[in-house]
Amino acid sequence: MKIFIDGKIIPSEKATISVFDRGLFYGDGVFESLRTYNGKAFQLDEHLKRLVKGTKSLKIRLPYSIKQLKQAVVKTIAANKFEESYIKIIVTRGKSMGHGLDPRNVEGKATLIIIVEKQKVFSQKIYSSGWKAIISSVKKANVPISKIKSLNYLDNILAKIEANKTGANEAILLDEKGNIAEGTISNIFIVKHGTIYTPPADSPILPGLTRKLTIKLARQSAFKIIEKVISPKELYTADECFITFSGAGVVPITRIWNKKISKGKCGPITSGLIGLYAAETKKI
């Protein structure tokens, strides 16, 4: 593997940052995860725009334009020569000049890291049999950081630990009012009586780019889709449930704990959206 760090592409074994980097100290930074289809980064412009928006929200001065970021991503993909790639773009505030939260206490500029790995191959079985999910005990607070893809993912990690203990693939976090928020790596959708529902963007969720594209594709194809607050009861009694994330697109959830959803297999509306998303990935 070859890694991009601050303008240079170097072998992964030589890729290092300072132990004083604020990304390590405080999770002071943002990231984006995406993948390639046919060797090209899918929704790259959208991911870079969100990355820049995140840095602005955190008042991190990013010394790269979107054009320069795009060139760096494309060069790093080419340097690794994988058939399909998983890409993680990380920006931290940079190297701290010693202990202390004050964000002005930084030496030099922001740190930019681009990691390109071989894309994990998802079995086609997940699109027919689906994944198992649980409802986590971890609550998602409605705070500014909930809208930013920050380097602090501890809530999601704790929820993922709970999923691992039960043999589940994903954990669903509730908001502080007890309603459905999001998964550890995904956005949640349910289907009831032919209508698709998903938590609204003003709830404590990261409005994912795959979520946004799925909503667009659904509306273009005359599926009725509504953003609304969803209770756990509505999740348990849904006709179908699916999640969206950049790594795999649209994935059915066919079991919540031990409760079967859609008779334990991918439902017809979910299946239609899987096909629409797959068709979209072939356009790049």
Side-chain angles (χ1 to χ4, degrees), residues 3-7 15-36 41-77 85-96 100-117 140-160 173 181-187 201-213 244-247:
I3 312 293
F4 179 103
I5 299 184
D6 291 336
T16 60
I17 60 170
S18 170
V19 295
F20 294 101
D21 192 279
R22 285 181 63 95
L24 176 62
F25 265 26
Y26 305 114
D28 188 4
V30 294
F31 77 99
E32 288 291 325
S33 298
L34 61 155
R35 61 160 295 176
T36 64
F42 188 59
Q43 292 195 295
L44 178 56
D45 289 343
E46 291 86 348
H47 279 279
L48 292 178
K49 287 175 184 177
R50 187 170 68 179
L51 181 82
V52 170
K53 183 179 179 181
T55 61
K56 288 180 178 178
S57 296
L58 294 179
K59 305 298 188 293
I60 294 173
R61 295 183 63 183
L62 182 62
Y64 299 89
S65 66
I66 287 184
K67 181 179 179 180
Q68 289 171 321
L69 290 169
K70 189 171 183 178
Q71 289 173 340
V73 170
V74 171
K75 286 180 180 179
T76 311
I77 292 171
S85 302
Y86 167 86
I87 306 144
K88 178 163 282 188
I89 310 165
I90 303 167
V91 176
T92 80
R93 198 178 300 275
K95 182 181 176 182
S96 177
L101 279 176
D102 193 334
R104 296 172 298 180
N105 187 32
V106 174
E107 177 184 323
K109 61 184 181 180
T111 302
L112 172 64
I113 304 167
I114 302 171
I115 300 170
V116 172
E117 302 176 55
K140 196 74 177 181
N142 199 352
V143 294
I145 199 172
S146 68
K147 303 295 183 186
I148 301 170
K149 206 167 178 69
S150 80
L151 294 179
N152 187 338
Y153 249 51
L154 291 177
D155 286 346
N156 305 59
I157 290 168
L158 289 172
K160 182 61 176 175
L173 289 79
E182 63 184 1
T184 64
I185 59 167
S186 64
N187 290 116
D202 62 0
S203 56
I205 67 169
L206 179 75
L209 293 172
T210 309
R211 171 188 182 273
K212 182 179 179 180
L213 178 57
T244 58
F245 62 102
S246 60

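Side chains are part of it too, since the values below use all heavy atoms of this structure and drop only hydrogens, waters and symmetry mates. All values reported here derive from a predicted model rather than from experimental measurement.
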Participant: Please tell me if the side chains of Leu34 and Gln43 come closer than 4.5 Å, counting only heavy atoms from C-beta onward.
Facilitator: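 Contact flag for Leu34/Gln43 side chains = no.
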Participant: Could you give the distance from CD1 (Ile77) to CD1 (Ile114), rounded to the nearest 0.5 Å?
Facilitator: 9.0 Å
Participant: If you round to the nearest 0.5 Å, how far is CG of Leu62 from CG of Leu48?
Facilitator: 10.0 Å
Participant: Is there a side-chain contact (heavy atoms from CB on, under 4.5 Å) between Lys49 and Ile66? Walk through the geometry before answering.
Facilitator: CA-CA 7 Å; Lys49 287 175 184 177; Ile66 287 184; 3.8 Å; yes
Participant: Not counting sequence neighbours, which residues clear side-chain hydrogen bond (donor to acceptor under 3.5 Å, both in side chains) with Ser96? List them please.
Facilitator: none
Participant: Show the nearest heavy-atom pair for residues Ser57 and Ile148, with the distance to one decimal.
Facilitator: CB-CD1, 3.7 Å
Participant: Using the test side-chain hydrogen bond (donor to acceptor under 3.5 Å, both in side chains), find all partners of Lys212 that sit at least two apart in sequence or belong to another chain.
Facilitator: none
Participant: Considering residues at least two apart in sequence or located in another chain, which fulfil the side-chain hydrogen bond (donor to acceptor under 3.5 Å, both in side chains) criterion with Arg50?
Facilitator: Glu32
Participant: So do Ile3 and Ile113 actually touch side chain to side chain, heavy atoms under 4.5 Å?
Facilitator: yes
Participant: Please identify each residue that fulfils side-chain hydrogen bond (donor to acceptor under 3.5 Å, both in side chains) with Tyr64, with sequence neighbours left out.
Facilitator: none
Participant: Are Lys88 and Phe31 in a cation-pi contact, defined as NZ or CZ under 6.0 Å from the six-membered ring centre and within 45° of the axis?
Facilitator: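 That pair qualifies as a cation-pi contact.
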Participant: Mind checking whether Leu213 and Glu46 have side chains closer than 4.5 Å, heavy atoms only?
Facilitator: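 Contact flag for Leu213/Glu46 side chains = no.
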Participant: Write down the atom of Leu173, the atom of Ala159, and the distance for their closest heavy-atom approach.
Facilitator: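 Heavy-atom minimum between the residues: CD1-CB, 3.8 Å.
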Participant: Tell me, do Leu69 and Leu112 make a side-chain contact under 4.5 Å, heavy atoms counted?
Facilitator: yes
Participant: Return a table of donor-acceptor pairs under 3.5 angstrom between the side chains of residues 21-29 and protein atoms on other chains or two or more places apart.
Facilitator:
from: Asp21; atom 1: OD1; to: Gly23; atom 2: N; distance (Å): 2.8
from: Asp21; atom 1: OD1; to: Thr92; atom 2: OG1; distance (Å): 2.8
from: Asp21; atom 1: OD2; to: Thr92; atom 2: OG1; distance (Å): 3.1
from: Asp21; atom 1: OD2; to: Thr111; atom 2: OG1; distance (Å): 2.9
from: Arg22; atom 1: NE; to: Asp28; atom 2: OD2; distance (Å): 2.7
from: Arg22; atom 1: NH1; to: Gly100; atom 2: O; distance (Å): 3.4
from: Arg22; atom 1: NH1; to: Leu101; atom 2: O; distance (Å): 3.3
from: Arg22; atom 1: NH1; to: Asp102; atom 2: O; distance (Å): 3.4
from: Arg22; atom 1: NH2; to: Asp28; atom 2: OD2; distance (Å): 3.1
from: Arg22; atom 1: NH2; to: Leu101; atom 2: O; distance (Å): 2.8
from: Tyr26; atom 1: OH; to: Gly100; atom 2: N; distance (Å): 3.2
from: Tyr26; atom 1: OH; to: Gly100; atom 2: O; distance (Å): 3.1
from: Asp28; atom 1: OD1; to: Arg93; atom 2: NE; distance (Å): 3.3
from: Asp28; atom 1: OD1; to: Arg93; atom 2: NH2; distance (Å): 3.0
from: Asp28; atom 1: OD2; to: Arg93; atom 2: NE; distance (Å): 2.6

Participant: Kindly state each residue pair satisfying salt bridge (charged side-chain N to carboxylate O under 4.0 Å, His left out) with at least one member in residues 142-157, sequence neighbours excluded.
Facilitator: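 Applying salt bridge (charged side-chain N to carboxylate O under 4.0 Å, His left out) to every pair that reaches into residues 142-157, excluding sequence neighbours, yields nothing.
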Participant: Taking all non-hydrogen atoms of both residues, which atom of Ala110 and which atom of Asp6 are closest, and how far apart?
Facilitator: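 Closest approach of Ala110 to Asp6: O-OD1, 3.8 Å.
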Participant: How long is the straight-line distance from CD1 of Ile157 back to CG of Asn152, given to the nearest 0.5 Å?
Facilitator: 8.0 Å
Participant: Quick one: pull up CG in Asp45 and NE2 in His47 and give me the separation to the nearest 0.5 Å.
Facilitator: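 Reported value, rounded in 0.5 Å steps: 10.5 Å.
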Participant: Which atoms form the tightest heavy-atom contact between Arg211 and Ala201, and what is the distance?
Facilitator: NH2-N, 3.8 Å
Participant: Is the shortest heavy-atom distance from the side chain of Val73 to the side chain of Thr76 under 4.5 Å?
Facilitator: no
Participant: Could you report the tightest heavy-atom contact between Glu182 and Ser186, atom names first, then the distance?
Facilitator: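 Between these two residues, the closest heavy atoms are CB-O, 3.5 Å.
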Participant: Output yes when a side-chain donor or acceptor of Ser246 lies under 3.5 Å from a complementary backbone atom of Ser33, and no otherwise.
Facilitator: yes
Participant: Please say whether more than 12 non-hydrogen atoms of neighbouring residues, nucleotides or ligands are located less than 6.0 Å from OH in Tyr153.
Facilitator: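 Atom OH in Tyr153 is packed in, count exceeds 12.
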Participant: Does the side-chain contact (heavy atoms from CB on, under 4.5 Å) test come out yes or no for Ile87 and Thr36, once each step is laid out?
Facilitator: CA-CA 8 Å; Ile87 306 144; Thr36 64; 3.8 Å; yes
Participant: Taking Asn187 for the side chain and Leu206 for the main chain, is one N or O donor matched with an acceptor at less than 3.5 Å?
Facilitator: yes
Participant: Any side-chain heavy atom of Lys109 within less than 4.5 Å of one from Ile60?
Facilitator: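 They are not in side-chain contact.
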Participant: Considering non-hydrogen atoms only, spot the tightest contact between Pro204 and Ser146 and give its length.
Facilitator: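 Reported closest heavy-atom pair: CA-OG, 3.9 Å.
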